[in-house]
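First comes the structure, then the notes that go with it.
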Amino acid sequence: MASELEELRDLVRQLQADNERLLREQAAVQSAEGPSNARGRSGISIEEWVDEVQASIRARYLGPLDQAYFMLDHLEGEAKDEIKYRPRAEREDPQEILSILRELYGCSKSYVALQESFFSRKQLDGESLQEYSHALLALMDRIQNCAPNMVPDADVLVRDQFVEHVNDSVLCRELKRLVRSTPTLSMLQVCTEAIRWEQEGRPRDNSRGRSYSVPSMCALQLSRQSPGL
């Protein structure tokens with residue numbers, strides 16, 4: 001009789017353990033449904049995704065490498081590509097993955113969306129060169145605030161965007177020639193020459209070695225930038 005009672009107790013303990021395991025698995029599956037929607041610009045927010053994926057990882061008792069693979073499996077679109085093409089040391093480190101995703105998509109407007117806004121920004125009809133330069137600088141400020149370590153060559157990007165998309169086709173051609181002949185020109189110098197060209201009718205040849213004088217508002221806007229921009 002005593003042995004039968006002990007067997008019954010063992011069976012109850014086994015059923016309880018099986019029930020707890022089943023509940024954990026159900027919780028894992030349920031929490032894993034959220035991360036599958038993490039695409040970058042669409043789907044749930046990055047913080048919601050992080051909360052859900054971490055809950056799922058805890059329920060599954062995954063090691064660090066398996067955590068990284070699990071995160072990658074539950075990313076889609078831009079977000080997945082951002083991680084998939086990173087160096088192996090980064091894409092196999094779960095904390096590094098979370099850090100990258102937070103940096104890229106943690107802003108109210110994602111880093112990728114801000115990039116698209118910047119690279120699609122052209123000089124508008126009726127917009128002065130000064131106003132256009134200010135608009136590009138403001139967009140770059142937002143990109144750098146969102147992802148401080150993602151744009152090491154910000155000044156070159158702003159300069160090239162300015163040169164490529166000024167409305168005046170003749171000025172555009174001349175600025176491109178100027179940058180090709182002197183690739184080290186900064187945004188400040190190119191903006192200066194563009195405004196001088198607008199005022200005088202042509203950009204001055206940089207090879208003559210004449211100094212740059214910076215027109216009013218453009219100088220104030222550009223000189224406030226950090227050394228990186």
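Just so you know, these numbers use all the heavy atoms, side chains as well, and skip hydrogens, waters and symmetry mates.
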Note, Glu164 side chain near Lys122 side chain (heavy atom, < 4.5 Å): no
Check: Arg91 and Tyr85 side chains under 4.5 Å, non-hydrogen atoms: no
Heavy-atom donor-acceptor pair, Arg86 side chain to Glu82 backbone, under 3.5 Å: yes
Pairwise side-chain contact, Leu98 with Gln54, heavy-atom cut-off 4.5 Å (strictly under): yes
N/O donor-acceptor pair under 3.5 Å between Asp93 side chain and Ala68 backbone: no
Closest heavy-atom pair and its distance - Val170, Trp197: CG1-CZ2, 3.8 Å
Same apolar cluster: Phe118 and Leu124, side chain cutoff 4.5 Å: no
Donor-acceptor contact below 3.5 Å, side chain Gln161 vs main chain Arg121: yes
Separation between CG of Asp66 and CD of Glu92, rounded to the nearest 0.5 Å: 10.5 Å
Short side-chain to backbone donor-acceptor contact, Ser181 and Arg177, under 3.5 Å: yes
4.5 Å side-chain heavy-atom contact, Glu198 and Leu171: no
Close side-chain approach of Glu90 to Ser99, heavy-atom, < 4.5 Å: no
Pro183 to Arg159 - nearest heavy-atom pair and separation: O-NH1, 2.8 Å
Test side chain to side chain contact (heavy atoms under 4.5 Å, CB included) applied to Ile83 and Leu101, step by step: CA-CA 8 Å; Ile83 302 303; Leu101 294 175; 4.1 Å; yes
Residue pair Lys84, Asp81: steps toward the side chain to side chain contact (heavy atoms under 4.5 Å, CB included) verdict: CA-CA 5 Å; Lys84 185 167 64 174; Asp81 289 343; 3.8 Å; yes
Main-chain N/O of Ser186 paired to Gln189 side chain as donor or acceptor, under 3.5 Å: yes
Whether Glu131 side chain and Ser128 backbone form a donor-acceptor pair below 3.5 Å: yes
His74 backbone acceptor or donor facing Trp49 side chain under 3.5 Å: yes
Considering all heavy atoms, the nearest Ser133-Phe162 contact: CB-CE1, 4.0 Å
Flag, side chain of Asp153 to backbone of Val156, donor-acceptor distance under 3.5 Å: no
ILVMFWY cluster, Tyr69 and Met71 together (side-chain gap under 4.5 Å): no
Backbone N/O of Val179 and side chain of Thr182: donor-acceptor pair under 3.5 Å: no
Exam field: side chain Gln123 to backbone Tyr132, donor-acceptor pair closer than 3.5 Å: no
Straight-line distance of Leu139 CG to Leu157 CG, nearest 0.5 Å: 12.5 Å
